[in-house]
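Right, one structure below, let's go through it.
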Protein chains: 2
Amino acid sequence: MPRNTRTSSGRPSVTLKDVAERVGVTSSAASMALGGHGRISEKTRQAIREAAAELGYVPSSAGRALRNQRSGAVALIVPDTSQHVLGHSYFMHVLTGISAAANARDVQVILSTTTEEAGDVAAYQRVVRSRSADGAIVTSAAVTDPGLEALVASGLPVVLIGNFPYLPDAVSVGIDDVAASRRATEHLLDVHGRTELVHVTGPLDHQTGIDRRIGFLDAIEASGGRAHGRLLEGDFSEAAGRQAVESLLGRGTGVDGIVFANDDMAFGGLQALKAAGRSVPGDVSIVGFDDFGLSRVTTPGITTMRAPAEDMARRATERLFRVIDGSGGSPDRLTLPVDLVVRDSCGCPAA
Amino acid sequence: MPRNTRTSSGRPSVTLKDVAERVGVTSSAASMALGGHGRISEKTRQAIREAAAELGYVPSSAGRALRNQRSGAVALIVPDTSQHVLGHSYFMHVLTGISAAANARDVQVILSTTTEEAGDVAAYQRVVRSRSADGAIVTSAAVTDPGLEALVASGLPVVLIGNFPYLPDAVSVGIDDVAASRRATEHLLDVHGRTELVHVTGPLDHQTGIDRRIGFLDAIEASGGRAHGRLLEGDFSEAAGRQAVESLLGRGTGVDGIVFANDDMAFGGLQALKAAGRSVPGDVSIVGFDDFGLSRVTTPGITTMRAPAEDMARRATERLFRVIDGSGGSPDRLTLPVDLVVRDSCGCPAA
DNA sequence: GTGTTGTGCTTTATCGATTAAGCACGTAGA
DNA sequence: TCTACGTGCTTAATCGATAAAGCACAACAC
């Protein structure tokens, strides 16, 4: 009868000692047998393996973490600001990617949302100092986030999703927002002959907001005066897209193309345009950015740039493992390609 | 100079011993001071608190978990079947709710997706036996899932989201799918006078699929022969909704109302109806179920029953804490109200 | 027959936090 | 003056897994 220890909730729990006692050896022998280290006879090794299987032994994560000084977990840190809440479908893609990579290595995924109540810096630091994760993936952080720099400086292995030019030493995975945004804009210019363009930006304290704005302006400039571009500041929210369009229509100025910095705003804008009786893409061509799900299901479907969120997350996680293992060698910055997904909102014939 | 230990990745780590040495006491005294237990003079207690703050001490989760026999984490277990993948927006709502409740108690959230490779039962058991979580939330499990029963029987505190009549002893949080589905059906019958109805079911190995089907049939029966109902089996996927409608139109039978068991299928069906030139809601009224985001953004908007996923998850987590703490008292089954969200697809005038 | 090498385990120490038990030293009561 | 008790810490043990070091015993060489 193995001496089962019990947890606080009264649950019996099989430890290595139970396995060892059943075979008649010490827990050290059992550890070596299961781990494949040390000198254990094949016969004993076999017996221990069988006993472990019979008892359903799984190593205690706490015991192992304490001894090995690594937890076998990675954290996804989500700064829960008003703009980027966990509830966005973007995070599902990210989580799917992280889970896939983590499962392949039998690593746990910890979801760490930073609450507003506790200070930002403290929130990051808790994960670091409690050593509950061996590394962290951070996404959608503001460029002004002070906690992020501290996190990277803390020495905890961190991989960022997105672009962080202010943190040149950080390992990151992202896309070329400037080029992608430029391409979206050029689609309206070159394919559809639109010339009176407006860009509704993202929040300009986020690098994606900054870069997509630059890409838009680059395209306008490259047109050599053929096209005109104006800017309206948004914040990635559907409401911001709607308001931007409403203010635009209110002014009565001529607009034949709108480049939204993301799909949520594009959808908001689309609703406002329809409400005002403007035809999309008849009167106005619009493009969005992200393709996290929304742009496919609207009417008309929104032409957009597909940001490969799941793939970014998967690769970020794989890189994180390499950083944790100390087997670097890969470049600090990985940029994934972005595809133009043509739908109806730009004026292209339905696929 | 505190003797900082180092983790495997070379990161300095502040332990209780470092705090204690700075003050000139043992780590036991420091533990008692910070924990408020034992007999420590107010002066020493103050000094220890200051030292801890200065050094940025945060308890090692592994050390604490090992000693206390509880990890300070809860797991969300997601059976990653072909039908319910992590990528669905439903999980964002669930994660948001769990995070909110867990953050309020300073508890970590572990995301545990069961990979297909490892056996189902083993996947559940890993979380249980490694004791990496003090409890688990399980959602969208099939009624036939053998691992679920084993999980509940294992003694690990578990709260289920959804209905599980086969597990009467399990603590669960859910909605009344039968009543809600009946109400959705009756909306088409009573408000819009539809009489030739079809129900596209969910997967019938999931209780939601079973119950929503029953609710539909109840409504038909209660109509006293005034309405006729037919069934088509689906699987909650957009493609299933499309196929169901296509087969329906192919047969050429008269249909003036379709009750889809969820919004994804409703959207698929909506596309098929539009492609066939049928007007929604002119020719056919449709209703969906869930309101996780999709039904709001389609054209027309899909009238649906709002399943309060985030609230369910939050309450499930709070109940899980009570189960973990052993402070029961609440009923084993919590049923939350479901609201009818009227949009355009049923024929109601636009809000 | 004595030293050498190898095998197969056990003993012991460690990771960090926590708590029961123990031990000085002081104060108060008889 | 001697005992009783309270205060404020320290010592030691524990949680579970792991690995270095140690210790019998066997097989082999010279």
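When reading the values below, keep in mind they use all heavy atoms of this one structure, side chains included, and skip hydrogens, waters and symmetry mates. Residue numbers start from 1 in every chain, and the chains themselves are labelled A, B, ... in the order their sequence lines are given, proteins ahead of strands.
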Side chain of [X] only, please: which of [options] is the nearest?
X        : options                   : value
Leu16(B) : dT18(C), dT10(D), dA17(D) : dT18(C)
Arg67(A) : dC9(C), dT18(D), dA17(C)  : dT18(D)
Thr15(A) : dA17(D), dA19(D), dC9(C)  : dA17(D)
Ser41(A) : dA19(D), dG8(C), dT11(D)  : dG8(C)
Arg64(B) : dC15(D), dA20(D), dT18(C) : dT18(C)

Inset, instruction - Considering just the side-chain nitrogens and oxygens of Ser31(A), establish if one lies under 4.0 Å of OP1 or OP2 belonging to dT18(D). - result: yes
Inset, instruction - Look at the side-chain N and O atoms of Gln69(B) and state whether any lies under 4.0 Å from the OP1 or OP2 oxygen of dT18(C). - result: no
Legend entry - Degree of bending, the helix from dG1(C)-dC30(D) to dA30(C)-dT1(D) (end axes from five pairs; round to 10°): 70°
Legend entry - From CA spacing to verdict: side chain to side chain contact (heavy atoms under 4.5 Å, CB included), Val171(B), Leu160(B): CA-CA 6 Å; Val171(B) 180; Leu160(B) 310 174; over 6 Å; no
Given atom [atom1] of [X] and atom [atom2] of [N], what is their separation to the nearest angstrom?
X         : N       : atom1 : atom2 : result
Leu34(B)  : dA17(C) : CG    : C1'   : 11 Å
Asp18(B)  : dG16(C) : CG    : C1'   : 11 Å
Asp134(B) : dC15(D) : CG    : P     : 18 Å

Inset, instruction - Answer yes or no: is there a donor N or O on one side and an acceptor on the other, between the side chain of Arg49(A) and the main chain of Ala47(A), under 3.5 Å? - result: no
Legend entry - Letter per nucleotide, 5' to 3', of nucleotides 23-28 of chain D [B base touched, S only sugar-phosphate touched, - untouched; heavy atoms, 4.0 Å]: ------
Inset, instruction - Report the residue from Val78(B), Ile77(B), Leu76(B) that forms a side-chain contact (heavy atoms from CB on, under 4.5 Å) with Thr113(B). - result: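 The side-chain contact (heavy atoms from CB on, under 4.5 Å) with Thr113(B) is passed solely by Val78(B) among Val78(B), Ile77(B), Leu76(B).
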Legend entry - Side chain to side chain, Phe164(B) and Val152(B), heavy atoms closer than 4.5 Å: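 Not in contact.
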Legend entry - Heavy-atom side-chain contact between Gln207(A) and Tyr166(A) under 4.5 Å: yes
Inset, instruction - Ignoring hydrogens and angles, answer whether the base of dT19(C) and the side-chain atoms of Ser28(B) contain a donor-acceptor pair closer than 3.5 Å. - result: yes
Legend entry - Presence of donor-acceptor pair under 3.5 Å, side chain of Thr26(A) and base of dT11(C):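 Looking at the base of dT11(C), it does not pair with any donor or acceptor on the side chain of Thr26(A) (distance under 3.5 Å).
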Inset, instruction - Go through Arg315(B) and Glu318(B) one step at a time and tell me if the salt bridge (charged side-chain N to carboxylate O under 4.0 Å, His left out) criterion holds. - result: CA-CA 5 Å; Arg315(B) 285 170 186 260; Glu318(B) 285 161 1; over 6 Å; no
